Amino acid sequence: MKYIDEATIAHKTVLVRVDFNVSLNPNNSIADDARIKQALPTLEYLLKHHNKLILIAHLGEPEKRNPADSLTRIAKRLQEYLPHNKIHFVEDFTTPTHAFLEQKENEIILLENIRFYPGETKNDPLFTKHLATLGEIYVDDAFSVCHRKHTSIVGLPTLLPSYGGLLLKKEVIYLSEIIKNPKKPYVAIIGGKKITTKIKFISKLASLADSILLGGGLANTFLAALGYKIGKSIVAKEEIDVAKQLLSLAKKEKRTILLPKDVVVGKSTESKQSEIKKIDHIEKDDRVLDIGPETQADFGAIIEQAKTIVWNGPMGVFEMPAFAKGTLDIAKAVAAATTAGATSIVGGGDSVAAVHQSGVSSKISHISTGGGASLEFLGGAKLPGVEALTNK
Ligand code: ADP
Ligand code: MG
């Protein structure tokens with residue numbers, strides 16, 4: 001694979017896939033624009049070499065065109081960061097517009113949310129062809145989307161000379177090093193609520209890591225698999241069998257999968273009242289919303305010894321003060337272990353937010369822009385987006 005700083009790309013029209021999937025406030029304004037800032041080195045590099053940039057990005061998971069998921073506010077914010085480069089917004093590149101013909105070097109066109117087009121997620125060949133006609137070169141700088149077989153990730157590189165961007169380069173180099181040569185003990189901490197996506201990687205990570213610590217909504221499915229009553233907690237019923245298999249496999253192979261032994265429960269996520277309970281005392285109307293103090297101590301002891309730490313997914317509903325302690329304390333434990341010499345990687349939008357909230361982000365070795373993508377990559381899987389750039 002070639003990255004943009006290993007090639008000469010000048011005076012060209014370059015299609016750049018970026019990750020502008022920023023987190024939003026309830027009123028739909030931008031809550032955190034870190035993802036926009038992380039794209040700047042690649043954009044500035046290409047602009048310095050007098051290219052015309054056409055940016056492709058998505059926001060949210062829209063099923064059809066709708067104002068709530070429009071990228072107009074991204075165009076505005078990006079213009080603030082790049083005041084000397086005119087940014088044009090193209091609402092629909094499939095209908096005739098002069099914008100492309102009139103584009104000058106050092107100018108940027110941002111296309112409207114690419115997921116407004118059903119062809120994108122289907123990697124539709126006609127859609128790919130149409131998109132490819134807009135540019136001469138393709139650059140992928142959206143590591144966090146590289147696990148998806150979408151047009152803007154795997155389709156375009158089949159039709160255009162293709163390169164990795166600088167953010168993609170940073171991620172691939174850092175994470176490859178961990179895969180090749182993880183310092184032991186290697187600990188993976190997995191939580192959050194995207195259970196179906198994450199459970200797939202646990203078996204892969206189990207063969208690489210020495211211990212896996214499970215918390216958050218994800219742990220509930222494993223507790224249910226062991227027969228514990230978990231009240232009204234979130235659970236992925238369809239994954240209980242998978243959880244059972246993973247637990248018995250780990251036992252056979254003498255790998256540690258550690259589950260909470262105590263939890264913090266509440267009647268709802270909004271609840272200000274919380275109670276610490278052992279996992280065999282959870283009642284019918286309880287919701288498990290954080291890990292308990294004994295679990296924190298267990299997890300903390302393993303983290304303290306670790307030399308490689310991969311963390312994806314909060315330990316509880318850390319957005320609410322009553323259920324934040326487990327996550328924030330784990331963040332501090334990971335930071336302390338890093339200061340003591342461990343390499344730590346945190347990925348996943350909410351996990352990264354939790355690390356920022358705990359004030360220790362500067363102590364983490366690598367904050368990955370990918371959640372699912374970094375888990376898949378660290379699990380040893382080949383990412384379709386990265387593969388698509390290989391041997392180009
Ligand atoms: P990430 O973005 O880091 O990959 P996820 O998106 O999978 O993580 O999950 C993060 C969300 O999971 C947070 O909003 C958090 O409130 C929620 N969460 C964590 N633990 C629980 C739980 N026990 N019950 C319900 N929601 C939870
Ligand atoms: Mg998330």
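Position 1 is the first residue of the sequence, and the numbers go up from there. For ligands, and for the atoms within them, numbers begin at 1 and follow the listed sequence. Values in this document were obtained by computation on a predicted structure and should not be read as measured data.
Nearest N, O or S atom of Asp350 to the Mg ion (ligand 2): atom OD2.
Every atom of ligand 1 with a heavy atom of Ser351 under 4.0 Å away is listed here by number and element: 1 (P), 3 (O). The contact set between ligand 1 and Val288, taken as ligand atoms under 4.0 Å from a residue heavy atom, comprises 22 (C), 23 (N), 24 (N). Residue-ligand proximity, Asn312 to ligand 1, at heavy-atom distances under 4.0 Å covers atoms 4 (O). Close approach of ligand 1 to Lys194 is summarised as follows: ligand atoms under 4.0 Å from at least one heavy atom of the residue are 4 (O), 5 (P), 6 (O), 7 (O).
Around atom 18 (N) of ligand 1, the closest heavy atom drawn from Gly216, Pro314, Gly191, Gly316 belongs to Gly316.
In this structure, Phe318 has its ring center at least 6.0 angstrom away from the ring center of Phe323. Separation of the Phe93 and Phe100 ring centroids does not fall under the 6.0 Å cut-off. Centroid-to-centroid, the aromatic rings of His58 and Phe116 stay 6.0 Å apart or farther.
The closest side-chain donor-acceptor pair between Gln38 and Thr369, if any, does not fall under 3.5 angstrom. Counting only N and O atoms by type, the side chains of Ser233 and Arg287 include no donor and acceptor under 3.5 Å apart. Residues Ser344 and Thr338 have side chains that bring a donor and an acceptor to within less than 3.5 angstrom of each other.
The single protein non-hydrogen atom nearest to atom 8 (O) of ligand 1 is Lys198 NZ, 3.2 Å, given as residue, atom name and distance. Residue, atom and distance of the protein heavy atom nearest to atom 27 (C) of ligand 1 are Val317 CG2, 3.6 Å. Ranking the protein heavy atoms by distance from atom 10 (C) of ligand 1 puts Asp350 OD2, 3.4 Å first. Distance from atom 14 (O) of ligand 1 to its nearest protein heavy atom, with residue and atom name: Glu319 OE2, 2.5 Å. Considering only non-hydrogen protein atoms, atom 9 (O) of ligand 1 sits nearest to Lys193 N, 3.0 Å. At the shortest separation from atom 22 (C) of ligand 1 among protein heavy atoms lies Gly217 N, 3.6 Å.
Residue contacts with ligand 1, taken as heavy atom pairs separated by less than 4.0 Å, do not involve Arg287 at all. Residue Ile234 touches ligand 1 through its side chain alone, judged by heavy-atom distances below 4.0 Å.
Atoms CG and CD, on Leu205 and Glu376 in that order, are 11.0 Å from each other to the nearest 0.5 Å.
No donor-acceptor pair under 3.5 Å is formed between the side chain of Asp69 and the backbone N or O of Pro67.
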CA sep, side-chain torsions, deciding dist, call: Asp19, Ser144, side-chain hydrogen bond (donor to acceptor under 3.5 Å, both in side chains): CA-CA 7 Å; Asp19 175 8; Ser144 58; 2.6 Å; yes

